[in-house]
Amino acid sequence: MWKLRSSGLSCGVCANFQIPFPRCFMNSITTSSIDVKPKVPLYLRPPSFSASLSELTKWHKWAKNLASSVGSSFINLDNGPDSTLLRRELNWLLQDLIELQHRSVILSRLESGNNENPDVSVALRAPLEEMYCVWRQRIEKRRPFQYVVGCEHWRDLVLSVQEGVLIPRPETEVIIDLVEGVALNNAPELAQGFWADLGTGSGAIAIATARALATHAHGDACGRVIATDLSPVAVAVATSNVQRYGLQDVVEVRKGSWFEPLKDVQGKLAGVLSNPPYIPSGDISGLQAEVGQHEPILALDGGISGTNDLLHLIDGVASMLKPGGFFAFETNGEKQCKFLVEYIENEKPGSFRDMNIVSDFAGIQRFVMGFRR
């Protein structure tokens, strides 16, 4: 379920991208309802702490042994991570922890066991005491690695995440492929309209969509994305991610449930996108511990059949989209996809055209998409 990270986090990747569209919007991000201060990801913290190389080596050996002790027990229990993946995560954690200038040298010495100059000081972004605590949480409490380091790599983004915010999955990237490859290629004018990302979580879909709209924009015309979420933690984290990518004039984050914050754009939306809760309630207890015990239940539980929120979205999207507008929703798989298409054909006849079921990277039928007539 977890996407393998690249070989390291790139410092500064979040700082410089900005779409030059300040004239497009009268309002930016709704901040009045944000009462949660997002946590700073480890790789963005200043290297304000230090430890001797011998102290760091001692921690690394302890953490590696703890990871190795897992073996395949988590796989057998709930398809969780094995020791190989946990040791890989430990390496990623070290890359985020050690300041950039001497990172490669220190990592090389840790791996080789080189004990030369053990008293040399190593600049760190967090104290070793915290590292002992968070690594124990990772192994013993099955706390998701993304929450440990405070971020997740998704497409070409590095997004802040923390407890209370769903960790974006690789398969959800297909929604952006559909926006670019289907919606904007077939109807380029949609790049100039209002788009909505419902249940935005970390803001992943909203941010990636805004970048796609900018790529397909013509002249001074530009699209706008409104991201909604009921969770104040998600609103705060999404807002922080939007600001770090310099998209506050393009993406507006609103607190509220689904279409509720979008009354001012009813019937005007060029696109509606969502990765809603779709896991049947009875399946929650059987999820991987990293998911079921740590990620927000609000973002996972879709009711008895898993389709409660999906049906709500289908019922509302027809009145929210303008003629020719596009929608794409993620589901739990083939059964839900076919159910939704049949529901649309029976309950919303004549409302949509060019509906299709699209598979994810693993070949699982995962997405339902279409256009408003």
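Throughout, numbering of the chain's residues begins at 1 and tracks the sequence. If you're wondering where the values come from, they're calculated on a predicted model, not measured in any experiment.
In the model, Glu330 has a side-chain atom that pairs as donor or acceptor with a side-chain atom of Thr172 under 3.5 Å.
A donor-acceptor pair under 3.5 Å links the side-chain atoms of Ser83 to the main chain of Gly71, judged by distance alone. The backbone N or O of Gly201 lies less than 3.5 Å from a partner atom in the side chain of Asp229, making a donor-acceptor pair. Side-chain atoms of Glu260 never come within 3.5 Å of backbone atoms of Gly256 as a donor-acceptor pair (strictly under, hydrogens ignored).
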**OP:** Please lay out, stage by stage, how Tyr245 and Arg211 fare under the test side chain to side chain contact (heavy atoms under 4.5 Å, CB included).
**Re:** CA-CA 10 Å; Tyr245 277 91; Arg211 290 161 67 108; 3.4 Å; yes
Original post:
Between Leu77 and Arg142, does a side chain to side chain contact (heavy atoms under 4.5 Å, CB included) hold up when you go through it step by step?
Top reply: CA-CA 12 Å; Leu77 183 63; Arg142 303 283 300 275; 4.0 Å; yes
Subject >> side chain to side chain contact (heavy atoms under 4.5 Å, CB included) between Thr200 and Ile205, worked out >> reply: CA-CA 7 Å; Thr200 193; Ile205 292 175; 5.7 Å; no
Original post:
Going through the checks in order, is the side chain to side chain contact (heavy atoms under 4.5 Å, CB included) test met by Leu66 and Ser69?
Top reply: CA-CA 5 Å; Leu66 195 60; Ser69 70; 4.3 Å; yes
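Placement of Leu107 and Trp62 within a single hydrophobic cluster is found when ILVMFWY residues are connected by side-chain heavy-atom separations under 4.5 Å, directly or transitively.
Residues Phe329 and Tyr278 place their aromatic rings such that the two centres sit no closer than 6.0 Å.
A distance of 5.5 Å separates OG in Ser257 from NE2 in His312, rounded to the nearest 0.5 Å. A distance of 11.5 Å separates CZ in Phe327 from CD1 in Ile175, rounded to the nearest 0.5 Å.
Leu166 and Ala299 make their closest contact through CB-CB, 4.0 Å (heavy atoms, listed as atom of the first residue, atom of the second, distance). Residue Ala126 comes nearest to Leu42 through the heavy atom pair CB-CD1, 3.9 Å, listed as atom of the first residue, atom of the second, then distance.
Using a 4.0 Å cut-off between charged nitrogen and carboxylate oxygen, Glu163 and Lys141 do not count as a salt-bridge pair. A salt bridge links Arg155 with Asp177: the closest approach of a Lys/Arg side-chain nitrogen to an acidic carboxylate oxygen falls below 4.0 angstrom. A salt bridge is defined here as a Lys NZ or Arg NE, NH1 or NH2 lying under 4.0 Å from an Asp or Glu carboxylate O, and Arg254 with Asp264 meets this definition. Using a 4.0 Å cut-off between a side-chain N of Lys or Arg and a carboxylate O of Asp or Glu, Arg138 and Glu290 qualify as a salt bridge.
Using cut-offs of 30° and 60° for the angle between ring planes, the Tyr132 and Trp59 rings count as perpendicular.
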